[in-house]
Amino acid sequence: MNKPLLLSLSLAAFITLPAPAAEPIQLFNGKDLSDWNGDEKWFRVEDGAIVAGSLKEKIPHNYFLATDKKYHDFELTCKVKTLSNPPGSKINGGIQIRSVRVPNDTEMIGFQADIGTGVWGALYDESRRRKFLTKKPAAELLEKLIKKEEWNDYRIVCKDNHIQIFVNGEKLTDYKEDDEEIAVAKGHIALQVHKAPHPIEIHYKDLVLTPLGK
């Protein structure tokens, strides 16, 4: 065996190959609510989508459909469509991340990536600090960006203390959490439909989560 080949073999012993990329996880099978938990009066499956709320009756409280599993660092993509009765009425909902249920209540505690009139793509701290953690996007931008009563692309990137939210390819939130205890906490992902004075529905489909990091 010649010296160059021996050297190559020696160097190879010290080379660490990059870890394979994590496989995407289909959070919703398009058929039923397996691996999710919530009040099935307000959550159902229609045409391959999870439908939150109702266009026939008012929603009395905030309700959440949560994953059975907890997640920390990930990229989540999905499609979202909002409807109201009468059409054009105010709508509110969102996607909870790193969140937990409040015992004996319909609420959840944690970050919420907002969906709805005037708040698309904003980050709210649900049942904890109870405030928006970032400035809400400008009304003029949302008017151009959001497809009313049609499917919108929603993307959340959550890594360490950094959270980014994109809607139809536009970055609307870029937030870093200063509280280390909050930043390291795992939690559930949940789909919210908000209490409203009129019937509303929020449709969610194509929910895909890709784990990030170790």
Side-chain angles (χ1 to χ4, degrees), residues 20-40 42-55 59 62-84 87 91-99 108 110-117 119-124 126 137 141-142 144-159 162-174 186-194 200-213:
E23 289 294 322
I25 300 167
Q26 297 284 342
L27 291 182
F28 169 54
N29 63 19
K31 300 176 182 179
D32 57 40
L33 299 179
S34 300
D35 303 319
W36 295 80
N37 62 83
D39 189 335
E40 294 191 22
W42 299 108
F43 295 94
R44 63 191 185 279
V45 177
E46 288 183 1
D47 300 324
I50 295 173
V51 181
S54 170
L55 292 181
I59 299 155
N62 296 348
Y63 288 97
F64 300 83
L65 182 74
T67 56
D68 291 337
K69 293 183 179 180
K70 292 183 177 181
Y71 302 93
H72 187 254
D73 291 345
F74 57 84
E75 177 178 345
L76 174 66
T77 59
C78 65
K79 294 184 182 297
V80 182
K81 177 171 63 176
T82 61
L83 302 170
S84 63
I91 297 170
N92 191 277
I95 301 173
Q96 295 291 135
I97 56 176
R98 296 180 179 174
S99 298
M108 292 193 77
F111 295 113
Q112 180 177 119
D114 254 304
I115 292 165
T117 310
V119 296
W120 278 92
L123 184 65
Y124 186 76
E126 183 81 14
L141 173 60
L142 294 182
K144 294 178 182 178
L145 186 65
I146 302 305
K147 303 171 187 177
K148 296 178 180 178
E149 299 188 358
E150 296 181 25
W151 291 108
N152 294 272
D153 293 324
Y154 210 103
R155 175 176 168 235
I156 303 168
V157 181
C158 193
K159 181 73 168 67
H162 194 190
I163 297 172
Q164 296 175 301
I165 304 172
F166 303 78
V167 180
N168 292 331
E170 185 86 16
K171 183 165 67 174
L172 299 180
T173 282
D174 195 319
K186 278 189 175 184
H188 302 282
I189 291 167
L191 311 178
Q192 186 213 41
V193 61
H194 199 281
I200 66 172
E201 285 183 352
I202 303 181
H203 297 225
Y204 301 89
K205 72 174 183 178
D206 300 341
L207 291 118
V208 178
L209 181 144
T210 303
L212 301 177

Polar side chain donor-acceptor pair, Glu201 to His203, under 3.5 angstrom: yes
Pair His188, Asp68: side-chain N/O donor-acceptor within cut-off below 3.5 Å: no
Side chain to side chain, [X] and [Y], heavy atoms closer than 4.5 Å:
X: Asn152; Y: Lys81; result: no
X: Val119; Y: Tyr124; result: no
X: Tyr71; Y: Leu27; result: yes
X: Thr117; Y: Thr82; result: no
X: Ile202; Y: Ile91; result: yes
X: Ile95; Y: Cys78; result: yes
X: Gln192; Y: Ile115; result: no

Geometric cation-pi criterion, Arg155 with Phe166: 6.0 Å, 45°: yes
Whether Tyr63 and Trp42 hold their rings parallel, tilted or perpendicular, with breakpoints at 30° and 60°: parallel
Reference residue Leu65; test side chain to side chain contact (heavy atoms under 4.5 Å, CB included); the match among Ile50, Val193, Ile189: Ile50
Separation of Ile146 CD1 from Trp120 CH2 (nearest 0.5 Å): 5.0 Å
Donor-acceptor contact below 3.5 Å, side chain Asp174 vs main chain Gln164: no
Verdict with supporting geometry, Leu212 and Val157, side chain to side chain contact (heavy atoms under 4.5 Å, CB included): CA-CA 9 Å; Leu212 301 177; Val157 181; 4.1 Å; yes
